[in-house]
Structure formats: C-alpha cells, structure tokens
Engineer: 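Sharing a structure here in structure tokens format.
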Amino acid sequence: GPRNPGSEGYRETLQLIRKVGEKYADQVVEHPFSILTSENTSRAMVNLELRFQGTQGGAPILIGTHFDTRPFADEDPDPLKRSEPILGANDGGSGTAILLGLAQYLNQHPVARPVHLVFFDGEDFGAKGSGLNLLGSTYYAQELAKKEKSQWPYWVLVLDMVGDKDLQIFKETYSLKGSARFLDKIYRIAKDQQVRSLIDKTKYTIYDDHYPFHRMGIPSTVLIDFDYPYWHTLADTLDKCSIESLLSIFTVVVKTIEDI
C-alpha cells in the first residue's frame, strides 16, 4: 500500500527495515529529523541506516534508496485521482526491496569495504517547485558535511525505479560527471553479465538522492529508469515490475561492491 509519511504503510515499512537490520546488520542507526511543510507545520521524518563492517575497513560504500512514496499522484492522466497517494511499487518499492536483499546477502557474504545501506525518507514528499524533495538525503549530506572528510563515503550509489518489466537505465549526467570510474565499472559488469537493461548512453540529468552528495564532491551515482511510464501515477503497481529486473540490478550491484 501507500507509504507516504505518516501513513500506516509508512510505519509498517519502517518496522520491516528495522527488523531486517536487527537480524542481519552489524549496526542499525536511526537519523530522525523534522521538516517544515508548505502549510508551515513540522513533520517528523527518519532515515534508517544498516551498517556492515566489511572485512578490511576503509571508507564505506553508501548504497541508498528512498522508502517513502509520493503522497499524491500528480502525474496521473485522470485529474480526479491526482490527490490520491500512489502505491509506488517501482518508485520507492524496488530500491527498498533490493537494499533489504543486500542486507541478507552482506550478512552471509561480507565484502572488503564497509557498506552502509541507507533508506532515505522524504524523497518524494513535496509538490513540484516546493523544494520539499530529497529531504532525507539532503539532511544526511548536511550532517556528513559537519564531519571529517575521512568519515565520508568512498562512493554513493542510489537505486530508484529499477524494478519495472521494461527496464532501461541510461547514464545520468551528474553520475557521469562526478563518478565516471564507478559508472563505467557498473556498465562493464552489466555487459559481462549480459544485463541489457543498462544502456551505455547518456540521456537524463536528474535531481535524485545522489545529488546532495555529488554537490559535496563525493563520487555519487544514480541508477534509475526515468522512462518509466507510470511514474507518479496510481498505475505504479506490482504488475508493472519483474523479479528478473530486480535480480539483474541486485547481481550487478553485488559484483560491483565485491570488486571495489
């Protein structure tokens, strides 16, 4: 169901992430914060972080996704439905599913570097032009900026809308500008694994959860299918997604972090 901040689905999703973290992660860290809405009221939000120590130490790889879903279907073709919250099977659901799978995998197959799986809140919260988007990742990056650079992530990878049946992921321009080495590695691994959904061409410039980190100078990459036709509509449902798409991205990510 919908997982927009304050909803029952939102609370249940937080509980699921915590439960998975307590079972598999070395450490679960909660980052509560609050935002001022356009109605001038305060809303509590939280980022959840599942930390895995790795076998050799060093700066961590941060793998992020947003777990919240959009509170209104403002891109729905039916104007009467545009105030309803979306289900977000792909937009919010797919990245969350992969990170939950990675938690189990990393528990059983530790990689060399520490890995921090971060579930960002408030990515899809506000209306267009409100500035109330990327809330969790912006807060996380602002807190990171207060720390020594030695504590910053080695690389940030954000997954968003990676589960649809007709998956096509092009190289995003901020990712190319700030993390070309990592982006090339991902696409090389995808080619080796015959994952055809990662298309070696540049197409979009996207303000997603990688952007606050990119702006700090941290190599930051987003994998996103921005051609997904059901984006921000009530038709973003489970039948539009495929286990093959999710598994292909999962295996590419696993191989990438194992090789870094």
Side-chain angles (χ1 to χ4, degrees), residues 14 17-18 20-35 44-68 95-96 98-123 133-160 172 174-186 206-223 253-260:
L14 283 172
I17 296 167
R18 288 185 184 108
V20 170
E22 286 160 7
K23 185 173 183 180
Y24 295 118
D26 295 315
Q27 187 184 8
V28 180
V29 183
E30 301 207 11
H31 304 271
F33 63 100
S34 60
I35 57 116
M45 292 190 174
V46 64
N47 297 327
L48 290 185
E49 180 172 2
L50 312 186
R51 293 183 176 176
F52 297 82
Q53 292 171 355
T55 58
Q56 293 179 21
I61 298 166
L62 191 162
I63 305 177
T65 192
H66 70 94
F67 70 90
D68 65 308
T96 302
I98 289 178
L99 261 65
L100 291 172
L102 283 170
Q104 182 175 352
Y105 184 87
L106 289 167
N107 175 269
Q108 297 163 359
H109 310 275
V111 297
R113 282 188 181 275
V115 177
H116 296 175
L117 304 177
V118 184
F119 297 81
F120 294 120
D121 204 345
E123 190 267 357
N133 304 96
L134 313 184
L135 299 173
S137 54
T138 299
Y139 173 77
Y140 192 102
Q142 287 170 345
E143 292 300 299
L144 204 56
K146 299 173 186 176
K147 298 179 180 178
E148 295 287 327
K149 285 192 176 182
S150 60
Q151 296 181 56
W152 288 13
Y154 179 67
W155 174 45
V156 172
L157 172 64
V158 167
L159 306 176
D160 192 1
E172 187 271 338
Y174 289 124
S175 305
L176 195 60
K177 186 177 178 183
S179 65
R181 179 167 67 92
F182 296 102
L183 197 61
D184 287 345
K185 188 174 190 64
I186 288 171
I206 299 169
Y207 290 93
D208 209 318
D209 282 325
H210 68 311
Y211 181 72
F213 303 97
H214 166 78
R215 202 168 51 187
M216 292 171 68
I218 298 169
S220 305
T221 306
V222 65
L223 295 182
V253 170
V254 163
K255 180 64 175 166
T256 303
I257 62 175
E258 285 178 343
D259 286 0
I260 286 175

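Numbers here simply count residues along the sequence, with the first being 1. Excluded from the calculations below are hydrogen atoms, water molecules and symmetry mates; all remaining heavy atoms, backbone and side chain alike, are included.
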Engineer: Could you check if a side-chain atom of Val158 sits within less than 4.5 angstrom of a side-chain atom of Val156, using non-hydrogen atoms only?
Structural biologist: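 Counting from C-beta outward, Val158 and Val156 do come under 4.5 Å.
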
Engineer: To the nearest 0.5 angstrom, please state how far the CG atom of Leu62 sits from the CD1 atom of Ile218.
Structural biologist: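 The CD1 atom of Ile218 is 8.5 Å from CG of Leu62, to the nearest 0.5 Å.
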
Engineer: Apply ring-ring contact (aromatic ring centres under 6.0 Å, His included) to Trp152 and list each qualifying residue two or more places apart in sequence or on a separate chain.
Structural biologist: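 With neighbours one apart ignored, the set is empty.
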
Engineer: For Tyr207, what residues pass the ring-ring contact (aromatic ring centres under 6.0 Å, His included) criterion, not counting sequence neighbours?
Structural biologist: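 Tyr207 satisfies ring-ring contact (aromatic ring centres under 6.0 Å, His included) with Tyr174, Tyr211 only.
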
Engineer: Out of curiosity, Leu144 CG to Lys149 NZ, how far, rounded to the nearest 0.5 Å?
Structural biologist: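 Going from CG on Leu144 over to NZ on Lys149, the span is 11.0 Å.
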
Engineer: Between CG of Leu117 and OG1 of Thr65, what distance do you get to the nearest 0.5 Å?
Structural biologist: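 The distance works out to 10.5 Å.
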
Engineer: I'd like to know if the side chain of His210 pairs up with that of Asp208 as donor and acceptor (distance under 3.5 Å, no hydrogens or angles considered).
Structural biologist: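 No pair is found: no donor N or O on one side chain lies under 3.5 Å from an acceptor on the other.
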
Engineer: Which residues satisfy the side-chain hydrogen bond (donor to acceptor under 3.5 Å, both in side chains) test with Asp121, sequence neighbours excluded?
Structural biologist: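 Listed in chain order: Tyr10.
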
Engineer: Using the side chain to side chain contact (heavy atoms under 4.5 Å, CB included) rule, take Val118 and Ile63 through it: C-alpha gap first, then chi angles, then the decisive distance, then the call.
Structural biologist: CA-CA 6 Å; Val118 184; Ile63 305 177; over 6 Å; no

Engineer: Any heavy-atom pair between the side chains of Gln27 and Val29 that's under 4.5 Å?
Structural biologist: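 Heavy-atom side-chain distance check passes, below 4.5 Å.
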
Engineer: Would you compute the distance between atom CG of Leu99 and atom CG of Leu48 and round it to the nearest 0.5 angstrom?
Structural biologist: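 So the gap between those two atoms works out to 11.5 Å.
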
Engineer: Please step through side chain to side chain contact (heavy atoms under 4.5 Å, CB included) for the pair Arg113 and Tyr154, ending with a clear verdict.
Structural biologist: CA-CA 9 Å; Arg113 282 188 181 275; Tyr154 179 67; 3.4 Å; yes

Engineer: Got a sec, which residues hit ring-ring contact (aromatic ring centres under 6.0 Å, His included) with Phe33, two or more places apart in sequence or on another chain?
Structural biologist: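 Residues passing ring-ring contact (aromatic ring centres under 6.0 Å, His included) with Phe33: Tyr139.
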
Engineer: Residues two or more places apart in sequence or in another chain: which of them pass salt bridge (Lys or Arg N to Asp or Glu O under 4.0 Å) with Lys185?
Structural biologist: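 For Lys185, no residue satisfies salt bridge (Lys or Arg N to Asp or Glu O under 4.0 Å) once neighbours in sequence are set aside.
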
Engineer: Just jot down the side-chain contact (heavy atoms from CB on, under 4.5 Å) partners of Pro60, sequence neighbours excluded, or say none.
Structural biologist: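 If we apply the side-chain contact (heavy atoms from CB on, under 4.5 Å) test to Pro60, skipping adjacent residues, the hits are Pro114, His116.
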
Engineer: Can you list every pair that meets salt bridge (charged side-chain N to carboxylate O under 4.0 Å, His left out) and has a residue in residues 21-35, with sequence neighbours left out?
Structural biologist: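 For residues 21-35: Arg18-Glu30.
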
Engineer: Are Leu135 and Glu123 side-chain neighbours, meaning at least one heavy-atom pair lies under 4.5 Å?
Structural biologist: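 SC-SC contact between Leu135 and Glu123 ruled out.
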
Engineer: To the nearest 0.5 angstrom, please state how far the CD atom of Glu172 sits from the OG atom of Ser220.
Structural biologist: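 Glu172 CD to Ser220 OG: 10.0 Å, rounded to 0.5 Å.
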
Engineer: Could you grab the distance from atom CE of Met45 to atom CG of Asn47, nearest 0.5 Å is fine?
Structural biologist: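 CG of Asn47 is found 9.5 Å from CE of Met45.
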
Engineer: Do side-chain atoms of Ser175 reach the backbone of Val222 as a donor and acceptor pair under 3.5 angstrom?
Structural biologist: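 Present.
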
Engineer: Please enumerate all residues that pass salt bridge (Lys or Arg N to Asp or Glu O under 4.0 Å) together with Lys147, with sequence neighbours excluded.
Structural biologist: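 Residues passing salt bridge (Lys or Arg N to Asp or Glu O under 4.0 Å) with Lys147: none at all.
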
Engineer: What salt bridge (charged side-chain N to carboxylate O under 4.0 Å, His left out) pairs are there with at least one residue in residues 209-222, not counting sequence neighbours?
Structural biologist: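 Qualifying pairs, neighbours excluded: none.
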
Engineer: Please step through side chain to side chain contact (heavy atoms under 4.5 Å, CB included) for the pair Phe119 and Val46, ending with a clear verdict.
Structural biologist: CA-CA 9 Å; Phe119 297 81; Val46 64; over 6 Å; no

Engineer: Under the salt bridge (charged side-chain N to carboxylate O under 4.0 Å, His left out) definition, can you give me all pairs with a residue in residues 45-65, not counting sequence neighbours?
Structural biologist: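 Residue pairs passing salt bridge (charged side-chain N to carboxylate O under 4.0 Å, His left out), neighbours aside: Glu49-Arg51.
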
Engineer: Assess the side chains of Trp155 and Ser179: does a donor N or O sit below 3.5 Å from an acceptor N or O?
Structural biologist: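 There is no such pair between these side chains.
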
Engineer: For Gly21 and Leu50, which heavy atoms make the closest approach, and how far apart are they?
Structural biologist: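 Closest approach of Gly21 to Leu50, heavy atoms only: CA-CD2, 3.6 Å.
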
Engineer: Decide side chain to side chain contact (heavy atoms under 4.5 Å, CB included) for Asp68 and Phe120; before the verdict, give the C-alpha distance in whole Å, the side-chain angles of both, and the deciding distance to 0.1 Å.
Structural biologist: CA-CA 8 Å; Asp68 65 308; Phe120 294 120; over 6 Å; no

Engineer: Tell me, please, which residues at least two apart from Glu148 pass side-chain contact (heavy atoms from CB on, under 4.5 Å).
Structural biologist: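 Checked Glu148 against side-chain contact (heavy atoms from CB on, under 4.5 Å); matches are Ser150, Gln151.
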
Engineer: Could you pull out all donor-acceptor pairs under 3.5 Å where a side-chain atom in residues 100-109 meets a protein atom, sequence neighbours excluded?
Structural biologist:
residue, atom, partner, partner atom, Å
Tyr105, OH, Glu258, OE2, 2.7
Asn107, ND2, Tyr24, O, 2.9

